[in-house]
Amino acid sequence: QVQLVESGGGLVQAGGSLRLSCAASGHTFSTYAMGWFRQAPGKEREFVAAVTRSASTNYADSVKGRFTISRDNAKNTVYLQMSSLKPEDTAVYYCAAGPILTMTPRQYPYWGQGTQVTVSS
């Protein structure tokens with residue numbers, strides 16, 4: 001069982017940056033792949049980025065070159081550094097933990113409560 005708590009969301013102007021954090025409970029954090037997803041009003045939850053246990057990463061095309069996912073196993077934390085933010089990045093951002101790196105939300109059994117990111121134009 002893993003409990004996840006996101007933080008770091010907020011309001012930022014277009015072109016700005018934010019860093020999201022996701023703190024995990026338990027002693028098995030390093031064994032999980034970790035993902036970030038987002039959901040805008042009226043839209044389905046979509047994949048943003050993920051990192052494997054060995055720190056290999058994958059990104060959605062829409063965020064490549066702007067977002068960076070990383071993990072610190074000593075701190076049981078995964079990060080999402082977001083730069084060059086655009087209004088279309090506005091959404092609730094969720095972190096998730098699962099056995100493998102995948103872009104499919106239903107394959108992640110553990111989820112945080114989400115943190116709001118709003119990018120103004």
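Please read all numbers here as calculations on a predicted model, not as lab measurements.
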Tyr32 with Leu4, same ILVMFWY side-chain cluster at under 4.5 Å: yes
Hphob cluster co-occupancy, Met103 + Trp111, side-chain heavy atoms under 4.5 angstrom: yes
Could you tell me which non-hydrogen atom of [X] sits nearest to which non-hydrogen atom of [Y], and how far apart they are?
X: Ser56; Y: Leu101; result: O-CD1, 3.9 Å
X: Leu20; Y: Gly9; result: CD2-N, 3.6 Å
X: Tyr93; Y: Val48; result: CE2-CG2, 4.3 Å
X: Pro105; Y: Phe37; result: CG-CE2, 3.6 Å
X: Pro87; Y: Ala14; result: CD-CB, 4.1 Å

Residues Met82, Val117; criterion side-chain contact (heavy atoms from CB on, under 4.5 Å); working and verdict: CA-CA 10 Å; Met82 306 185 294; Val117 171; 3.9 Å; yes
Quick one: list whatever passes salt bridge (charged side-chain N to carboxylate O under 4.0 Å, His left out) with [X], sequence neighbours left out.
X: Lys64; answer: Asp61
X: Arg53; answer: none
X: Glu88; answer: none

Residues that Phe67 engages under ring-ring contact (aromatic ring centres under 6.0 Å, His included), provided they are two or more places apart: none
Rounded to the nearest 0.5 Å, how far apart are [atom1] of [X] and [atom2] of [Y]?
X: Arg38; Y: Asp89; atom1: CZ; atom2: CG; result: 4.5 Å
X: Tyr108; Y: Ile100; atom1: OH; atom2: CD1; result: 8.0 Å
X: Arg66; Y: Tyr59; atom1: CZ; atom2: OH; result: 12.0 Å
X: Ser83; Y: Leu18; atom1: OG; atom2: CG; result: 9.0 Å
X: Thr115; Y: Leu80; atom1: OG1; atom2: CG; result: 11.0 Å
X: Lys86; Y: Ser121; atom1: NZ; atom2: OG; result: 14.0 Å

Chi angles and distances behind the side-chain contact (heavy atoms from CB on, under 4.5 Å) call for Phe47, Thr104: CA-CA 7 Å; Phe47 171 77; Thr104 305; over 6 Å; no
Results of side-chain hydrogen bond (donor to acceptor under 3.5 Å, both in side chains) for Thr52 - residues two or more places apart only: Ser54
Backbone of Gly114 reached by a side-chain donor or acceptor of Glu6 within 3.5 Å: yes
Validation row: Pro109, Pro99 side chains within 4.5 angstrom (heavy atoms): yes
Note, Val78 side chain near Trp36 side chain (heavy atom, < 4.5 Å): yes
Residue pairs involving residues 72-82 (criterion side-chain hydrogen bond (donor to acceptor under 3.5 Å, both in side chains); sequence neighbours excluded): Arg71-Asn73
Qualifying residue for side-chain contact (heavy atoms from CB on, under 4.5 Å) with Val12, from Thr90, Val119, Thr118: Val119
